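Worksheet: the structure to be examined is printed underneath.
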There are 2 protein chains.
Amino acid sequence: MATIKEVSLLARVSPATVSRVLNGTTPVASATRVRVLEAVEALQYKPNAFARGLATNRSGGIGVTVNAVSSPFFGAFVAGVEQVLRPAGIHLMLSSGFADLANERESIEFLLERRCDGLIVQAERLDDGFLVDLVRGPTPVVIFGRRIAEIADACVVTDNELGGRLATAHLLDHGHRRIGHVTGPLAFPDARARLHGYRRALEGAGVAYDERYVVESTFDEEGGAQAAVRLLERAPELTALFLSNDQMAAGAMRALRERAIEIPTDLSIVGYDDVFLARYLTPALTTIRQPLVDMGRTAAHLLLGRLGHIGEEVVHRFDPELVERQTVARVAA
Amino acid sequence: MATIKEVSLLARVSPATVSRVLNGTTPVASATRVRVLEAVEALQYKPNAFARGLATNRSGGIGVTVNAVSSPFFGAFVAGVEQVLRPAGIHLMLSSGFADLANERESIEFLLERRCDGLIVQAERLDDGFLVDLVRGPTPVVIFGRRIAEIADACVVTDNELGGRLATAHLLDHGHRRIGHVTGPLAFPDARARLHGYRRALEGAGVAYDERYVVESTFDEEGGAQAAVRLLERAPELTALFLSNDQMAAGAMRALRERAIEIPTDLSIVGYDDVFLARYLTPALTTIRQPLVDMGRTAAHLLLGRLGHIGEEVVHRFDPELVERQTVARVAA
DNA sequence: GCCGCACATGAAAAGGCTTTCATGAAAAGT
DNA sequence: ACTTTTCATGAAAGCCTTTTCATGTGCGGC
């Protein structure tokens with residue numbers, strides 16, 4: 001593989017000049033510039049990323065941590081990130097935290113050691129303090145999917161409370177008054193915000209919040225199934241259920257079907273996330289969509305800004321929206 | 001950030017010795033070793049990846065290209081890869097090709113320029129010749145999901161023909177004789193192999209292959225929907241359909257439901273891939289599963305082997321298996 | 001027609017690590 | 001006890017860029 005020196009020899013200039021041509025740092029006489037470019041072409045010269053990194057202390061790569069590469073979220077989000085970073089010549093270094101505290105921390109340290117120029121972090125378990133320190137540290141960081149007040153302008157989030165309100169309001173609009181809610185683990189801010197939105201929507205409609213109608217569970221199918229069953233045993237008068245994510249909703253739907261509860265005739269359901277599968281459930285799931293691709297793009301733009309590239313104006317908080325499908329029925333008022 | 005020199009000063013040794021301790025390249029007297037390690041600890045020293053790369057010409061990272069990060073495939077596969085690479089201290093550099101020829105080539109070149117130590121490539125569009133050259137080039141490469149005879153030991157694949165046979169045999173076993181097949185674009189070797197399996201299974205069961213029963217389409221829902229409709233118009237006597245992937249099957253199911261064709265009563269369906277959504281379709285889709293996580297792990301192991309790490313014995317060709325759910329009904333013989 | 005300037009370019013240092021080669025001390029052999 | 005070998009360690013070169021500083025050329029201004 002050719003080095004800058006060989007190029008400089010062929011072009012009869014110094015290595016410094018080659019560097020200048022390639023990086024555009026200093027004007028170079030156009031005659032010499034062409035000579036250099038020809039030499040580069042002839043030798044198929046590609047700058048050595050290590051040497052460049054050593055000299056500039058920048059890597060041209062940014063790190064991305066996600067809770068789980070295999071989560072359905074992840075794909076759309078990373079696709080968005082890549083869409084903007086790739087044209088900027090920046091590559092992605094990937095590491096997943098598998099929703100485990102130690103692992104998430106390790107992922108980040110791993111990436112940091114690799115001296116990436118910036119970091120996009122989607123963390124579920126790490127506490128706010130850690131993230132605040134991280135953002136205030138030397139490496140530019142943007143936090144995805146979590147809003148932390150002290151570092152709000154490093155965060156790209158959706159308004160989970162709004163989402164919770166939308167979901168609940170949709171049910172209220174359809175005449176439901178006894179609406180249950182299965183939250184995710186309340187350790188997750190997302191789950192808390194959605195719950196809060198649920199509560200506010202109810203109160204806004206003059207429906208009293210009843211804590212018997214709320215149950216906390218895990219963010220997976222099994223969690224949704226069990227919680228739904230438990231909730232209906234405890235409060236059979238419920239006419240609708242809002243679940244804190246689509247997987248949970250899917251689990252609930254299955255469990256209820258097994259118990260011969262018709263959806264939406266007997267019970268209406270709203271999920272959250274508009275994950276791929278929502279469309280495929282039967283009946284198709286009414287849910288709340290987060291604009292993941294856009295959020296990925298935004299996170300990337302934000303990071304570019306922090307890296308000193310010309311920053312676009314950027315929205316930090318995205319509004320989720322309701323996607324109406326077939327799991328909500330109207331109920332007599 | 002501390003450098004090796006500062007460590008060496010603190011430990012009262014030369015930088016060379018520090019390097020030796022850290023890399024274990026040369027034995028070091030245990031007394032000095034402890035001193036060095038203590039100094040490393042005290043200064044929180046992390047070797048500079050650039051300098052190291054420059055000196056060794058290795059990056060400690062491997063590149064992964066996939067056709068689309070957002071494909072449901074991708075997550076499971078990458079998770080497998082990461083499971084083995086991460087403990088080896090190797091990081092992933094990611095680039096997606098978006099199933100576009102120019103893009104795929106570019107992805108690979110991008111990664112190569114970044115001097116990654118190895119490459120795991122899942123390419124859909126690139127021709128065999130390119131991949132052969134790539135594998136024979138200086139950088140270790142393993143090819144995922146595609147078998148090329150000349151470089152078979154760099155390939156990790158499933159036996160798509162076997163998969164096609166399994167799907168078809170399952171239908172035959174259930175008494176079906178008039179079985180349609182919607183193939184993916186025949187430009188894809190996977191699609192060809194599945195078709196071939198379908199054909200062999202039929203012939204093995206003494207059922208004549210009828211090309212009116214086969215239609216080529218795209219690997220997405222729309223493709224599946226249109227092809228299924230077309231096929232049934234052309235050959236209403238069909239009692240079963242084997243589709244070359246799950247997305248297609250999902251599309252077909254939806255289109256058929258709209259035409260009041262009951263599944264599996266009126267028509268049985270088998271998909272391929274056992275993508276996440278297969279479980280969630282109603283009725284749940286009977287399909288062929290590929291062990292993606294295992295394949296990812298294997299690809300990673302294989303690459304490690306080529307990188308000179310102790311290589312585990314490795315299986316290159318995985319057997320897919322049938323996952324029986326609810327879209328196949330028995331038919332009177 | 002001379003001085004000072006701008007401008008293009010080169011020389012060289014710096015960046016942090018690995019690795020080869022050399023050296024000195026200790027261990028083994030006679 | 002003296003030479004030979006082994007072993008631990010240090011000195012220094014090399015990896016390839018970028019970037020600062022210096023130099024030389026040609027030009028405009030007086």
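Computed from a prediction, not measured in an experiment: that's the story for all the values here. Both backbone and side-chain heavy atoms feed into the values below; hydrogens, waters and symmetry mates do not.
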(message) Base, sugar-phosphate or nothing for A:Val28? Non-hydrogen atoms, less than 4.0 Å.
(response) sugar-phosphate
(message) For B:Val28, run the side-chain contact (heavy atoms from CB on, under 4.5 Å) check against B:Thr17, B:Val18, B:Val34 and tell me which one passes.
(response) B:Thr17
(request) For A:Val13, report the nucleic acid contact type (base, sugar-phosphate, nothing); a contact means any heavy atom under 4.0 Å. (result) sugar-phosphate
(message) Just so I know, are the side chains of A:Tyr45 and A:Met1 near enough to count as touching, which here means a heavy-atom distance under 4.5 Å?
(response) no
(request) Please report the closest heavy-atom contact between B:Leu307 and B:Pro140, naming both atoms and the distance. (result) CD2-CG, 3.7 Å
(message) Can you confirm whether B:Arg86 is buried at CZ, in the sense that more than 12 heavy atoms of other residues, nucleotides or ligands lie under 6.0 Å from that atom?
(response) yes
(message) What verdict does the salt bridge (Lys or Arg N to Asp or Glu O under 4.0 Å) test give for A:Lys46 and B:Glu109, after you've listed the backbone C-alpha separation in whole Å, the side-chain angles of each residue and the deciding distance to 0.1 Å?
(response) CA-CA 11 Å; A:Lys46 311 264 186 256; B:Glu109 276 161 9; over 6 Å; no
(message) Against B:Arg20, only a single residue in B:Val13, B:Thr25, B:Val36 fulfils side-chain contact (heavy atoms from CB on, under 4.5 Å); can you say which?
(response) B:Thr25
(message) Roughly what angle, to 10°, lies between the helix axis at the start of the helix from C:dG1-D:dC30 to C:dT30-D:dA1 and the one at its end, five pairs per end?
(response) 30°
(message) For nucleotides 11-17 of chain C, give me one character per nucleotide, 5' to 3': B if any protein heavy atom sits under 4.0 Å from the base, S if the only such contacts are to the sugar-phosphate, - if neither.
(response) B---BBB
(request) Using the heavy-atom set of chain A and a strict 4.0 Å cut-off, write down the first and last nucleotide of DNA chain D that makes it in, 5' to 3'. (result) D:dC16 to D:dT20
(request) Output yes when a side-chain donor or acceptor of B:His91 lies under 3.5 Å from a complementary backbone atom of B:Gly60, and no otherwise. (result) yes
(request) Report yes if the side chains of B:Phe318 and B:Gln290 come closer than 4.5 Å at any heavy-atom pair, otherwise no. (result) no
(message) For the CZ atom on A:Arg58, are there more than 12 heavy atoms of other groups (residues, nucleotides or ligands in this structure) within a distance under 6.0 Å?
(response) no
(message) Do A:Ile4 and A:Leu22 have side chains that approach each other closer than 4.5 Å (heavy atoms only, starting at C-beta)?
(response) no
